[in-house]
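These notes are about the structure you will find just below.
In what follows, chains are A, B, ... by sequence order, proteins preceding strands, each numbered from 1. The model shown is predicted, which means the values in this text are computed figures rather than measured ones.
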Amino acid sequence: MPDHPIDDLFGDAPAALPLGAQAMLLRGFALAQAEALVQGVRQVALHAPWRRMQTPGGKAMSVAMTGCGPLSWVSDRQGYRYADRDPLTGLPWPAMPAAFARLARAAAQQAGFARFAPDACLVNRYEPGARMSLHQDRDERDLGAPIVSVSLGLPAVFLWGGATRGERALRVPLRHGDVVVWGGVDRLRFHGVLPVAPGEHPATGSFRINLTLRKAL
DNA sequence: TAGTACCG
DNA sequence: GGCA
């Protein structure tokens, strides 16, 4: 039996599910905007190409990334940071598509965070087998703003952990159009993504796309 | 340690 | 899944 009320979310569920005191899964929240969001991702990737970043330890991540907005998150042997230019091209990151910021603000408000104004969007592209190990989003200056994470295309299992790496992580299935918002006391929760299973989705083909919107400054 | 290897 |  589950030792958490939402330990198994593979079945049908309400449109909004609490993952913590200040963390919420908004099922299908981005569905109506999904086409515009995917088109925005294509536009961003034209100017800031997909690349697999290196961890500070020198290992390549399995997830291909790009970004948009005044700032975007980067990782290399030097460490994690936000940069105002794409290290690959030397150019400023592409502007954040209006649909991204609009969706993020609406999702944040729905989850109880008013006036969320993201200035950074990290775009993650998962091919089958790609994963993200348990980590914290802690490179933003102002940890008062929430994180808004939008799932598009292939489904994935989201790992929703605790304040320490050791705490058992909840397994949350995420599908096309789902949005997860976390902030406040849950802002530094560990989280990750299990390896994505092979498949095809009408919106994204053989990929899962994840938009992660933050206030970096 | 936003990763992988190896062990049970 | 847990450990280094």
Side-chain angles (χ1 to χ4, degrees), chain A residues 1-4 7-8 10 19-20 23 41 44-45 48-69 71-88 93 104 118-143 145-174 178-183 186-197 207-217:
Chain A
M1 71 176 75
D3 39 4
H4 186 285
D7 205 24
D8 181 19
F10 282 89
L19 297 176
V41 170
V44 165
W50 298 107
R51 87 292 308 266
R52 287 172 59 185
M53 295 185 187
Q54 310 278 121
T55 66
K59 306 296 179 65
M61 297 181 191
S62 56
V63 176
M65 297 176 167
T66 184
C68 59
L71 296 166
S72 193
W73 185 87
V74 296
S75 175
D76 57 24
R77 276 139 294 188
Q78 319 235 55
Y80 308 141
R81 63 193 176 280
Y82 279 89
D84 59 6
R85 285 177 178 262
D86 179 352
L88 207 59
W93 297 100
D119 58 14
C121 179
L122 177 63
V123 185
N124 299 138
R125 189 185 70 179
Y126 294 73
E127 61 179 34
R131 56 182 293 251
M132 188 82 77
S133 68
L134 225 46
H135 68 279
Q136 294 170 300
D137 289 13
R138 52 177 299 170
D139 303 308
E140 301 73 30
R141 272 189 199 166
D142 179 11
L143 296 177
I147 301 287
V148 174
S149 174
V150 183
S151 292
L152 298 166
L154 292 181
V157 177
F158 185 56
L159 296 173
W160 181 244
T164 65
R165 197 185 291 278
E167 291 172 57
R168 189 180 73 75
L170 194 66
R171 280 154 169 74
V172 181
L174 295 181
D178 287 349
V179 179
V180 182
V181 181
W182 65 96
D186 292 315
R187 179 59 177 71
L188 292 177
R189 294 273 288 251
F190 278 86
H191 57 282
V193 177
L194 290 183
V196 168
F207 296 112
R208 170 177 189 260
I209 301 288
N210 169 252
L211 310 179
T212 308
L213 295 118
R214 306 96 181 270
K215 183 103 182 73
L217 279 183

- Query: To the nearest Å, how far apart are A/Asn124 CG and B/dG3 C1'?
  - Reply: 15 Å
- Message: Please report the distance, rounded to the nearest Å, between NE2 in A/His191 and P in B/dG3.
- Response: 11 Å
- Item | Interatomic distance where CD belongs to A/Gln54 and C1' belongs to B/dT4 [whole Å] | 14 Å
- Message: Restricting to side chain to side chain donor-acceptor pair (under 3.5 Å), what partner residues turn up for A/Glu167, sequence neighbours left out?
- Response: A/Thr164
- Query: When the distance from CD of A/Glu167 to C1' of B/dT1 is rounded to whole Å, what number comes out?
  - Reply: 17 Å
- Query: Taking only residues two or more places apart in sequence or in another chain, which ones pass salt bridge (Lys or Arg N to Asp or Glu O under 4.0 Å) with A/Arg187?
  - Reply: A/Glu140
- Note on the structure: Residues passing the salt bridge (Lys or Arg N to Asp or Glu O under 4.0 Å) test with A/Asp76, sequence neighbours excluded, are A/Arg81
- Pick base, sugar-phosphate or nothing for A/Asp139, based on heavy-atom distances below 4.0 Å to the nucleic acid. base
- In whole Å, what is the span from the CD atom of A/Gln136 to the C1' atom of B/dG3? 16 Å
- Message: Under 4.0 Å, counting only non-hydrogen atoms across every strand here, what does A/Arg214 touch: a base, just sugar-phosphate, or nothing?
- Response: base
- For A/Asp86, what residues pass the side chain to side chain donor-acceptor pair (under 3.5 Å) criterion, not counting sequence neighbours? A/Arg51
- Message: Which residues pass the side chain to side chain donor-acceptor pair (under 3.5 Å) test with A/Ser149, not counting sequence neighbours?
- Response: A/Asn210
- Query: Given the rule that a pair is Watson-Crick or G-U wobble with both distances under 3.5 Å, how would you write DNA chain B in dot-bracket, using | for pairs to a different strand?
  - Reply: ...|.||.
- Note on the structure: To the nearest angstrom, the NZ-P distance between A/Lys59 and B/dT1 comes to 9 Å
- Between A/His135 (NE2) and B/dG3 (P), how many Å, whole number? 8 Å
Below 3.5 Å between N/O atoms, which protein atoms pair up with nucleotides 1-4 of chain C? Just atom names and distances, please.
from, atom 1, to, atom 2, distance (Å)
C/dG1, OP1, A/Arg171, NH2, 2.1

- Length of the CG-P vector between A/Leu159 and B/dT1, whole Å: 19 Å
- Query: Taking A/Trp160 for the side chain and A/Leu19 for the main chain, is one N or O donor matched with an acceptor at less than 3.5 Å?
  - Reply: yes
- Tell me, please, which residues at least two apart from A/Arg189 pass salt bridge (Lys or Arg N to Asp or Glu O under 4.0 Å). A/Asp186
- Task: Begin with the C-alpha distance, continue with both residues' side-chain angles, and end with the deciding distance and a verdict on side-chain hydrogen bond (donor to acceptor under 3.5 Å, both in side chains) for A/Ser62 and A/Arg52.
- Result: CA-CA 7 Å; A/Ser62 56; A/Arg52 287 172 59 185; over 6 Å; no
- Non-neighbouring partners of A/Thr66 that pass side chain to side chain donor-acceptor pair (under 3.5 Å), sequence neighbours left out: none
- Item | Below 4.0 Å: OP1/OP2 of B/dT1 and any side-chain N or O of A/Thr55 | no
- When rounded to the nearest Å, what value does the distance between P atoms of B/dG8 and B/dG3 take? 25 Å
